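Worksheet for the structure shown next.
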Amino acid sequence: MPKIRLEKLTKSYGTFKVLHGINLEIEENEFTVLVGPSGCGKSTTLRMIAGLETVTSGEIYFDNNPISHLEPKDRNLAMVFQDYALYPHMDVARNISFALRLQKLPKAEIENKVKQVAETVGLTNFLSRKPGALSGGQRQRVAMARALAKDSEVFLFDEPLSNLDAKLRGQMRAELAVMRQSVKKNMIYVTHDQIEAMTLADRIVVMNDGHIQQQGTPEMLFKKPANKFVAGFLGSPPMNFMDARIVEENDVLFAEGKEFKIAIPKKKAKSLKKYKGRVIIGIRPSDLIYDPKATSDRALDLRIVVSEYVGAQSVLMCACGDSDITVELKSETPIALGETLRFAVRSEGIHLFDSKTELAL
Ligand SMILES: Nc1ncnc2c1ncn2[C@@H]1O[C@H](COP(=O)(O)OP(=O)(O)OP(=O)(O)O)[C@@H](O)[C@H]1O
Ligand SMILES: [Mg+2]
């Protein structure tokens, strides 16, 4: 029995439809990440689960019980907002204990709880400070601690790291990953950062335009994206796409484009034999390996347009016919702008999509 179930959930504001029938099951203690571009309906979904937005149609179940008629306070959940919403006049300890004091729990119990969660998030030495005297990352931890102190069954996070700088964000992401090992609770985490999604999630739910595009483990979504949108959304730098068509020569299938003709591995070719339509070929930068000796039926010849030095690796923006292709290369490899280099395509790295439906083939 799933812990949380969304069934044909829709949301409209007037005639504007934001969610088009979301079906989602979340198992006990699962860390689920909702990810997708700005405006796709992530926060709306989360706020409906929290009870901060009404449901237009469909139902939300906790342990098989419908809950969409319940007030937020009766749903036994805790939410961390993007802006943390801390009380500026209360010190850290009082911020953390706010809900417990409302419940009028015994003083000793409250003190114990505050001590315990402060330890979990690394705030023990800051309990008497006011939020104004804390860094962004520390404030973020107070918001997290306040949610944890409530002992709810379900935790909802709406982009909790989005206003931290890159370094702190990485650090907090690692701390969150550690913390969730010790806090076995249902967590639903919204982000538009695909690295956060990949590193934290048991399960990723990719949304676009109010629809779920695909859900599964990070590995499954990365290796077997269901469509071009998911393929292009997860992975950094993103997957390269080129128009191609399937041609057959001497029993071998090729994806042929303006300036390339790549043999399709036998395993994949079987299901494509009857496929006559135009296709889109997708190849991740990490599946393109610099190799001057590769044969042309398993390589792309790329003209270097821009080189971005990012340390040990450089990211090269290249042209292949009229397509832009990104590859990565060890920075010590000598290259010149305008030069054409050959990159072998790893055969497991070939993704094909129908050019009309954009579904994976
Ligand atoms: N109160 C409202 N009235 C009308 N439209 C709204 C309202 N709240 C949200 N929307 C619209 O619903 C859509 C989904 O919004 P939502 O906040 O869920 O997006 P999101 O995926 O969380 O995006 P972001 O990553 O930018 O936070 C957007 O097009 C937004 O403009
Ligand atoms: Mg949002």
Side-chain angles (χ1 to χ4, degrees), residues 2-27 30-62 66-68 79 82 154 156-159 162 186-198 200-236 238-239 241 277-280 282 284 351-361:
K3 182 80 197 161
I4 302 170
R5 183 155 56 90
L6 311 185
E7 204 176 86
K8 296 185 189 145
L9 203 61
T10 75
K11 178 71 186 177
S12 301
Y13 292 104
T15 54
F16 182 56
K17 211 161 182 185
V18 176
L19 293 178
H20 306 263
I22 299 282
N23 291 306
L24 182 61
E25 291 190 352
I26 295 170
E27 304 297 332
E30 211 173 25
F31 195 114
T32 304
V33 176
L34 301 185
V35 72
S38 186
C40 72
K42 306 178 297 292
S43 295
T44 304
T45 306
L46 204 67
R47 291 170 60 81
M48 284 161 86
I49 296 171
L52 302 171
E53 288 287 352
T54 56
V55 168
T56 305
S57 72
E59 186 54 85
I60 302 167
Y61 299 88
F62 283 4
I67 57 128
S68 65
M79 184 153 173
Q82 181 172 346
V154 178
L156 306 175
F157 301 94
D158 195 353
E159 309 222 26
S162 63
N186 272 100
M187 306 210 179
I188 307 178
Y189 188 103
V190 163
T191 180
H192 55 246
D193 182 326
Q194 48 107 3
I195 296 179
E196 250 166 68
M198 295 294 278
L200 290 173
D202 293 318
R203 182 168 22 167
I204 297 181
V205 178
V206 181
M207 294 177 65
N208 191 28
D209 275 344
H211 293 278
I212 291 181
Q213 297 288 320
Q214 191 178 6
Q215 46 175 305
T217 61
E219 192 184 3
M220 179 184 146
L221 266 58
F222 189 76
K223 288 194 174 154
K224 287 197 181 311
N227 56 39
K228 185 179 171 226
F229 179 83
V230 175
F233 194 79
L234 298 178
S236 172
M239 189 183 277
F241 297 107
R278 297 193 61 82
V279 296
I280 299 163
R284 294 190 190 282
H351 299 264
L352 294 164
F353 306 93
D354 184 299
S355 55
K356 282 212 184 73
T357 62
E358 300 195 346
L359 294 176
L361 299 173

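Values below: every heavy atom of this structure, side chains too, minus hydrogens, waters and symmetry copies. Since the model is a prediction, treat every value here as computed from it, not as a measurement.
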Task: Candidate pair Lys3 and Glu27, rule salt bridge (Lys or Arg N to Asp or Glu O under 4.0 Å), full reasoning - done: CA-CA 5 Å; Lys3 182 80 197 161; Glu27 304 297 332; over 6 Å; no
Open item on the list: With side-chain contact (heavy atoms from CB on, under 4.5 Å) as the criterion, how do Val33 and Glu196 come out once you've worked through the C-alpha distance, each side chain's angles and the decisive distance to 0.1 Å?
Closed with: CA-CA 9 Å; Val33 176; Glu196 250 166 68; over 6 Å; no
TODO: Please report the C-alpha distance between Phe222 and Arg284 in whole Å, then the side-chain angles of each, then the deciding distance to 0.1 Å, and finally whether the side-chain contact (heavy atoms from CB on, under 4.5 Å) criterion is met.
DONE: CA-CA 10 Å; Phe222 189 76; Arg284 294 190 190 282; 3.4 Å; yes
- [ ] For Tyr61 and Ile67, run side-chain contact (heavy atoms from CB on, under 4.5 Å): C-alpha distance rounded to whole Å, both residues' side-chain angles, the deciding distance at 0.1 Å, then the answer.
- [x] CA-CA 6 Å; Tyr61 299 88; Ile67 57 128; over 6 Å; no
Open item on the list: Could you go through Glu159 and Thr191, starting from their C-alpha distance and side-chain angles, then the distance that decides it, and tell me whether this counts as side-chain hydrogen bond (donor to acceptor under 3.5 Å, both in side chains)?
Closed with: CA-CA 5 Å; Glu159 309 222 26; Thr191 180; 4.7 Å; no
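A donor-acceptor pair is defined here as one N or O able to donate and one able to accept, closer than 3.5 Å; such a pair exists between the side chain of Thr10 and the backbone of Ser57. Using modelled atom types, no side-chain atom of Thr32 and backbone atom of Ile188 make a donor-acceptor pair closer than 3.5 Å. Side-chain N or O atoms of Glu7 include none that pairs as donor or acceptor with a backbone N or O of Ile60 at under 3.5 Å. Counting only distance, with no hydrogens or angles, the side chain of Thr217 and the backbone of Met220 share a donor-acceptor pair below 3.5 Å. Put simply, the side chain of Ser12 never gets that close to the backbone of Gly14: no donor and acceptor are under 3.5 Å apart.
In this structure, Asn208 and Val206 have side chains that are not in contact, with every pair of non-hydrogen atoms separated by 4.5 Å or more. Annotation: side chain of Thr54 is in contact with side chain of Lys11 (closest heavy-atom distance under 4.5 Å). Counting heavy atoms from C-beta outward, Leu52 and Met79 have side chains that approach closer than 4.5 Å. The side-chain heavy atoms of Leu24 and Gln215, taken from C-beta on, include a pair separated by under 4.5 Å. Annotation: side chain of Ile26 is in contact with side chain of Asn186 (closest heavy-atom distance under 4.5 Å). Residues Lys42 and His192 are in side-chain contact: their nearest non-hydrogen atoms beyond the backbone lie under 4.5 Å apart. Side-chain contact between Tyr13 and Thr44: present, with at least one pair of heavy atoms (C-beta onward) separated by less than 4.5 Å. Put simply, the side chain of Leu19 reaches to within 4.5 Å of the side chain of Met48, judged on heavy atoms.
Counting all heavy atoms, side chain and backbone alike, Asp158 lies closest to Ser43 at OD2-OG, 2.8 Å. Here the closest non-hydrogen pair linking Ala231 and Phe353 is CB-CZ, 3.6 Å. In plain terms, the two heavy atoms of Val230 and Leu221 that are nearest each other are CG1-O, 4.3 Å. Here the closest heavy-atom approach between residue Met207 and residue Pro37 is recorded as O-CD, 3.5 Å. Closest of all the heavy-atom pairs between Asn23 and Ile212 is O-CD1, 3.5 Å. Summarising the geometry of Pro218 relative to Ala201, their closest heavy-atom pair is CG-O, 3.6 Å, with the distance given to 0.1 Å.
Cation-pi contact between Arg5 and Phe62: absent, since separation from the ring centre below 6.0 Å together with deviation from the ring axis within 45° is not met.
For the side-chain hydrogen bond (donor to acceptor under 3.5 Å, both in side chains) condition, the pairs that include at least one residue of residues 218-228, sequence neighbours left out, are Gln213-Asn227, Glu219-Lys223.
For Tyr189, the ring pair (Phe, Tyr, Trp, His ring centres under 6.0 Å) partners are Phe31, Phe157, not counting sequence neighbours. Applying the side-chain hydrogen bond (donor to acceptor under 3.5 Å, both in side chains) criterion to Asp209, with sequence neighbours excluded, gives no partner residue.
Annotation: the span from Leu6 atom CG to Ser68 atom OG amounts to 11.0 Å, rounded to 0.5 Å. The distance from atom CD1 of Ile204 to atom CD of Gln194, rounded to the nearest 0.5 Å, is 8.5 Å.
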